[in-house]
There are 2 protein chains.
Amino acid sequence: MSVSIDNFLKNIYLLNQETAGAVTSSNLAGRLEISVAAVTDMARKLGKQGVVDYKPYKALQLTRQGDEQALKIIRKHRLWELFLHEVLGLDLLSVHQEAERLEHHTSDDLMNHISRFLGHPDFDPHGDPIPGIGGHIPSEKGVIPLTEILENQRCMIKKLRYRNAETSDLYDRYGLKTGLVLKVMKVFSFDGSIEVKLPDGKKEVLSGKLAANVFCIRK
Amino acid sequence: MSVSIDNFLKNIYLLNQETAGAVTSSNLAGRLEISVAAVTDMARKLGKQGVVDYKPYKALQLTRQGDEQALKIIRKHRLWELFLHEVLGLDLLSVHQEAERLEHHTSDDLMNHISRFLGHPDFDPHGDPIPGIGGHIPSEKGVIPLTEILENQRCMIKKLRYRNAETSDLYDRYGLKTGLVLKVMKVFSFDGSIEVKLPDGKKEVLSGKLAANVFCIRK
DNA sequence: TAGCAATTTTAAGCAACCTTAAAATAAAAA
DNA sequence: TTTTTATTTTAAGGTTGCTTAAAATTGCTA
């Protein structure tokens with residue numbers, strides 16, 4: 001399977017998850033940074049191969065087989081991320097870029113060695129679930145955006161959504177990491193910003209937009 | 001730089017080392033498992049790019065720049081091999097196949113992290129030298145084939161040449177590994193085979209051909 | 001429901017990397 | 001030195017994954 005196909009399937013899957021809506025050609029084209037025509041081409045081709053359910057002018061959908069392949073790649077991506085971060089100490093931003101390339105050139109056998117080395121983990125360093133060999137996805141039940149936590153409640157960070165280099169930078173500045181326990185001190189309804197108290201006692205005010213990308217479980 | 005170009009440069013370098021002779025198009029074509037015409041094409045192209053010194057009908061040679069690029073890839077390959085073997089416990093055969101793919105998709109930064117993790121090692125698990133960042137190649141001075149060790153002399157294995165899956169299998173059966181100390185008990189001039197004594201006291205007779213692929217230093 | 005705007009498909013073409021087969025050159029033998 | 005053989009180059013063509021531009025289709029809006 002080529003890198004292009006890998007990425008095609010993976011991104012249909014992810015786009016479907018993220019937007020919880022229909023995956024259109026133009027959406028996918030934007031995400032893959034290729035032309036819409038290239039998406040149509042590939043979709044038709046993968047339709048013939050039975051991994052995409054392709055009908056002209058209709059939204060893109062993976063078949064069961066396509067789903068399996070997508071999860072396999074996502075598994076590799078997330079295991080690499082965790083490995084590079086935990087074992088080799090790469091920062092969370094590089095980790096994504098490296099994994100993005102390595103995922104396509106890693107045998108199932110190597111991946112299983114890495115999984116075992118890491119103790120068959122359930123979540124990557126961003127808090128995203130790592131699909132199992134059989135495609136099983138660890139549950140994220142109870143994980144909600146920080147914006148849903150009420151004043152004076154405490155929560156533990158489970159997931160930080162990395163939209164780009166800037167969010168990463170912001171998380172760093174505030175010292176936000178998965179596993180951290182926060183207390184919400186005040187919610188400013190004026191602009192949605194939230195004051196939180198960190199374990200070291202420091203208090204920080206996060207913008208509402210940033211808080212919407214921080215996910216946690218109630219404590 | 002593409003995978004094809006990587007492999008082209010790397011294999012000119014290695015072929016030149018191994019045969020200590022002129023690298024011909026047909027040699028390289030055989031090794032890369034592509035047609036001779038494809039080699040000519042690529043050679044001309046890389047000649048224009050200044051990494052290969054291309055003259056029609058002449059042997060292929062890397063420029064200084066080409067050498068540098070080849071060494072960079074070889075560095076990545078051998079660091080990956082050591083890492084996969086030492087850290088993740090892959091066997092010496094898989095290690096080569098995995099490294100063969102990963103080497104092309106690993107940033108310099110990641111490679112340096114791996115090198116640091118391993119303590120900036122000088123040799124890969126096959127005993128081949130790992131070029132440094134600046135292209136410096138660790139010395140193999142004093143490393144000679146096992147066939148040059150005289151009766152009753154002792155030596156330490158520094159390098160096992162893996163020609164194919166079979167040699168690998170043979171090394172396993174005899175328990176030969178880099179670092180092991182052997183004593184040559186008897187050399188049979190009839191067929192060049194050599195009886196050696198292993199650290200555990202076991203004695204084994206190796207064929208002359210196999211012995212020629214085992215390299216060691218005198219003890 | 002007719003027409004317009006947005007989206008998707010089709011068509012034609014390009015670059016990279018490969019192929020086979022024919023032509024050119026080099027090297028070896030007679 | 002001429003001929004034969006082996007090797008290398010050139011030529012023509014194929015596949016993959018992309019591009020842009022034109023045509024087709026969808027679906028929204030008036």
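Heavy-atom basis, side chains included; hydrogens, waters and symmetry copies ignored. Order of the sequence lines sets the chain letters (A, B, ...), proteins ahead of strands, with each chain counted from 1.
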With sequence neighbours left out, what residues match Thr106(A) under side chain to side chain donor-acceptor pair (under 3.5 Å)? Trp80(A)

Paired with Leu90(B), the side chain to side chain contact (heavy atoms under 4.5 Å, CB included) test is passed by just one of His85(B), Glu98(B), Gln97(B), namely Glu98(B)

Quick test of your reading of the model: are Arg161(A) and Glu18(A) salt-bridged, counting only N-O distances below 4.0 Å? no

Return each pair, listed once, that meets ring-ring contact (aromatic ring centres under 6.0 Å, His included) where at least one residue sits in residues 119-144 of chain A; pairs must be two or more places apart or across chains. His126(A)-Tyr162(A)

Please give, in whole Å, the distance from dT16(D) C1' to Ile34(A) CD1? 13 Å

Grab the CD-C1' distance between Gln49(A) and dT15(D) for me, whole Å please. 14 Å

For a quick test of reading the model: is some side-chain N or O of Ser35(A) closer than 4.0 Å to OP1 or OP2 of dC18(D)? no

Is the NZ atom of Lys158(B) crowded by more than 12 outside heavy atoms at less than 6.0 Å? no

For Leu32(A), the side chain to side chain contact (heavy atoms under 4.5 Å, CB included) test, sequence neighbours excluded, returns Asn7(A), Phe8(A), Asn11(A), Leu28(A), Ile34(A)

Separation of Glu33(A) atom CD from dG17(D) atom C1', in whole Å? 16 Å

Atom CG of Leu28(B) to atom C1' of dT8(D): distance rounded to whole Å? 13 Å

Salt bridge (Lys or Arg N to Asp or Glu O under 4.0 Å) pairs touching residues 102-119 of chain A, sequence neighbours excluded, are Lys10(A)-Glu103(A), Lys72(A)-Asp108(A), Lys76(A)-Asp108(A)

Report, as a single string ordered 5' to 3', how protein heavy atoms within less than 4.0 Å touch nucleotides 2-15 of chain C: B base, S sugar-phosphate only, - not at all. ------BBB-----

Contact list please: residues 2-9 of chain A against DNA chain D, heavy atoms, distance less than 4.0 Å, in numerical order. Ser2(A), Ser4(A)

To the nearest angstrom, how far is Met1(A) atom CE from dT16(D) atom P? 16 Å

More than 12 heavy atoms of other groups within 6.0 Å of Glu140(A) CD: yes

